[in-house]
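Structure first, then comments.
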Amino acid sequence: MTPTLDRDRPKAAYLHIPFCRRRCYYCDFPVSVVGDQARGENSGAIAQYVEMLCQEIELAVELTALDKAVPIQPLETIFFGGGTPSLLSVAQLDRILQTLEHKFGIAANAEISIEIDPGTFDLPQIQGYRAAGVNRVSLGVQAFQPELLALCGRTHSVADVYAAVELIHQAQMVNFSLDLISGLPHQTLDQWQASIEAAIALAPKHLSCYDLIVEPVTAFGRQYQPGDQPLPSDTSAAEMYRLAQQLLSAAGYEHYEVSNYAQPGFQCRHNRVYWKNQPFYGFGMGAASYLQGQRFTRPRKTREYYEWVKAQKSNLFSSPSTSSFQDLLLDTLMLGFRLAEGLSLVELAQQFGKPSLDKICHSLQSHCAQGWVEVGGVEWEAIAQLPLEALPPEARIKLSDPEGFLFSNQVLADLFAELE
């Protein structure tokens, strides 16, 4: 069967700002290193990039196959990621937002997020971001130990973290998030606990706790082999994950996604678009868009990106990476299982057919017995016997927390093997 695709135009946009003072040793994102002094209008490289980014946004048109009767949707979420977007001046950020407003419109209650690094902004700058429309910031902390920050190649100090949070409070930016990384070389469980407790003490509305992934092309990838010392063992990494879940849940944070925690009402709306496998625009070097089940990726290097934008005449979504029925199903499962709420059985059956749902549930039965997979709103044995119209709307399937999340790679590998 042909899966039911989301025919709405995207209501989310990601803007990639690639500039960094230096490249962190774990980073494999498309970035451009500009040094400690380059920022805003005093950097010709940043100014040129903003010009090209706005040009790309202005040129963007939809897929020609998209129903012309469906109106353009005002953007409900906008996310400035990087890189270090806080190297943008207020005027540069405002220009990008004005370009988006002109092209698509921005909803009155839109969530507008920006990633910022300690030591890269001052009070007038963050006040200016807020005046331009930014209402959520994500602060890249990573660790509260000076030795771990240095080991990662971070440019900020622990003192910079506290100074940055004070500026965020002074600017009355209520919705702010902190990023932490576990599984770093030489990192101990006690250090990880200290970082979490320090983060909780700062009372962010949201916390992202990422487990280090050693990518081959990074400095860490050249130094370390996954699973070998001085990286924590798999057992230690699992202990760090469970500890974060325990401490943050006890502090009132909802573990709403594999790596993300939020106080009630402060989940990241933009990232939920990805996890729900909904359409979105991506603009900038290396950015990806997702429309009508098709993914579109921009060049990852600056020169190639500039040449690509200059060569465009109209349709920036004309060379997709096409997705098959199988690709769409596997993407939906992989992303949906990242959420604590899991996936709706009714929506899965409506989009991919009841036989696909039955096969999914059959393949997950052993993991349900292990306690890694849970089903709610319906008895497990009844799913295969009930027709689609008889499935209760509240019926959902999800990974358990924390064990199901911890073993999600194994659950998904077994599921994908059977579905393929």
Side-chain angles (χ1 to χ4, degrees), residues 13-59 78-102 112-134 137-142 149 152-157 160-161 163-164 167-168 171 173 179 218-219 282-287 298-312:
Y14 171 80
L15 291 305
H16 188 69
I17 309 300
F19 302 101
C20 286
R21 293 184 294 186
R22 73 174 73 154
R23 180 184 283 275
C24 298
Y25 299 154
Y26 52 76
C27 175
D28 73 334
F29 295 149
V31 301
S32 177
V33 176
V34 292
D36 292 340
Q37 303 305 315
R39 56 189 305 125
E41 280 83 5
N42 76 1
S43 168
I46 296 177
Q48 183 182 13
Y49 183 84
V50 170
E51 184 70 32
M52 298 303 295
L53 180 62
C54 290
Q55 184 177 331
E56 181 193 353
I57 296 168
E58 289 285 8
L59 284 171
I78 298 169
F79 197 103
F80 289 85
T84 310
S86 46
L87 294 180
L88 290 176
S89 70
V90 172
Q92 288 169 337
L93 178 133
D94 186 58
R95 182 184 173 194
I96 296 168
L97 286 174
Q98 292 297 326
T99 305
L100 290 169
E101 171 69 49
H102 174 260
I112 303 178
S113 303
I114 186 170
E115 292 179 344
I116 59 177
D117 274 1
T120 63
F121 63 94
D122 54 23
L123 183 59
Q125 183 177 348
I126 195 166
Q127 288 174 328
Y129 286 171
R130 186 169 181 265
V134 172
V137 297
S138 179
L139 185 67
V141 174
Q142 317 316 353
L149 292 176
C152 290
R154 300 293 290 175
T155 58
H156 70 265
S157 66
D160 289 335
V161 173
L167 293 176
I168 289 169
M173 191 76 76
D179 287 357
T218 64
F283 297 109
M285 192 173 89
R298 307 301 188 232
R300 287 177 58 91
K301 295 187 180 297
T302 306
R303 179 180 297 177
E304 286 84 350
Y305 169 67
Y306 288 172
E307 291 174 350
W308 179 85
V309 173
K310 292 174 182 177
Q312 302 309 306

Practice item. Go through the steps to decide whether Ser157 and Leu149 satisfy the test side-chain contact (heavy atoms from CB on, under 4.5 Å), and finish with yes or no. Key: CA-CA 7 Å; Ser157 66; Leu149 292 176; 5.5 Å; no
Check your understanding: So, Arg23 side chain and Phe29 main chain: donor-acceptor pair closer than 3.5 Å or not?
Key -> yes
Revision key, fill the gap. Nearest heavy-atom contact between Tyr26 and Cys152 is CE2-CB, 3.8 Å
Review point. Is there a donor-acceptor pair under 3.5 Å between the side chain of Arg154 and the backbone N or O of Gly140?
Key: yes
Revision key, fill the gap. Result for side-chain contact (heavy atoms from CB on, under 4.5 Å) between Ile17 and one of Val31, Leu88, Ile114, Ile46 points to Leu88
Revision key, fill the gap. Taking every heavy atom of Ala171 against every heavy atom of Gln127, the minimum-distance pair comes out as CB-CG, 4.1 Å
**Study point:** Exceeds 12 heavy-atom contacts within 6.0 angstrom, atom OH of Tyr306
**Key:** yes
**Study point:** Asp94 side-chain N/O to Ala91 backbone N/O, donor-acceptor pair under 3.5 Å
**Key:** no
Practice item. Report the relative orientation of the aromatic rings in Tyr49 and Phe19; use parallel for angles under 30°, tilted for 30 to 60°, perpendicular for over 60°. Key: perpendicular
Study note, to complete from the structure: Rounding to 0.5 Å, atoms CZ (Arg95) and CD (Gln98) come to a distance of 11.0 Å
Check your understanding: Is there a donor-acceptor pair closer than 3.5 Å between any side-chain N or O of Glu58 and the backbone N or O of Thr99?
Key -> no
Point to revise | Residue pair Cys54, Ile96: steps toward the side-chain contact (heavy atoms from CB on, under 4.5 Å) verdict | key: CA-CA 6 Å; Cys54 290; Ile96 296 168; 4.0 Å; yes
Review point. Pick from Ile168, Leu87, Thr84: which one makes a side-chain contact (heavy atoms from CB on, under 4.5 Å) with Ile116?
Key: Ile168
Exercise for review: Please round to the nearest 0.5 Å and tell me the distance separating atom OH of Tyr129 and atom CD of Gln125.
Suggested key: 4.0 Å
Exercise for review: Return the minimal non-hydrogen interatomic distance between Pro18 and Met285, and the atom names on each side.
Suggested key: CB-CE, 3.5 Å
Review point. About how many Å separate CD1 of Ile78 and CD1 of Ile112, when rounded to the nearest 0.5 Å?
Key: 4.5 Å
Review point. Checking His156 side chain against Val141 main chain: does a donor-acceptor pair fall under 3.5 Å?
Key: yes
Point to revise | Check against side-chain contact (heavy atoms from CB on, under 4.5 Å), Glu56 and Arg298 | key: CA-CA 11 Å; Glu56 181 193 353; Arg298 307 301 188 232; 2.7 Å; yes
Review point. Is the backbone of Gly82 close enough, under 3.5 Å, to the side chain of Glu115 for a donor and an acceptor to pair up by distance?
Key: yes
Exercise for review: List the atom of Phe121, the atom of Ala164, and the distance in Å for their closest heavy-atom pair.
Suggested key: CZ-CB, 3.7 Å
**Study point:** With Ser86, the side-chain contact (heavy atoms from CB on, under 4.5 Å) member among Thr120, Val137, Ile126
**Key:** Thr120
Review point. Do the charged groups of Glu307 and Lys301 touch, with an N to O distance under 4.0 Å?
Key: no
Revision key, fill the gap. Heavy atoms of Gly286 and Pro30 approach each other most closely as CA-CG, 4.1 Å
Practice item. Kindly determine whether Leu15 and Leu53 satisfy side-chain contact (heavy atoms from CB on, under 4.5 Å), including the steps that lead there. Key: CA-CA 8 Å; Leu15 291 305; Leu53 180 62; 4.3 Å; yes
Point to revise | Donor-acceptor pair, side chain of Gln312 and main chain of Trp308, under 3.5 angstrom | key: yes
Exercise for review: Looking only at non-hydrogen atoms, find the nearest pair between Phe283 and Ile57 and report the distance.
Suggested key: CG-CG1, 3.8 Å
**Study point:** Value rounded to 0.5 Å, distance of CG in Leu139 from CG in Leu167
**Key:** 10.0 Å
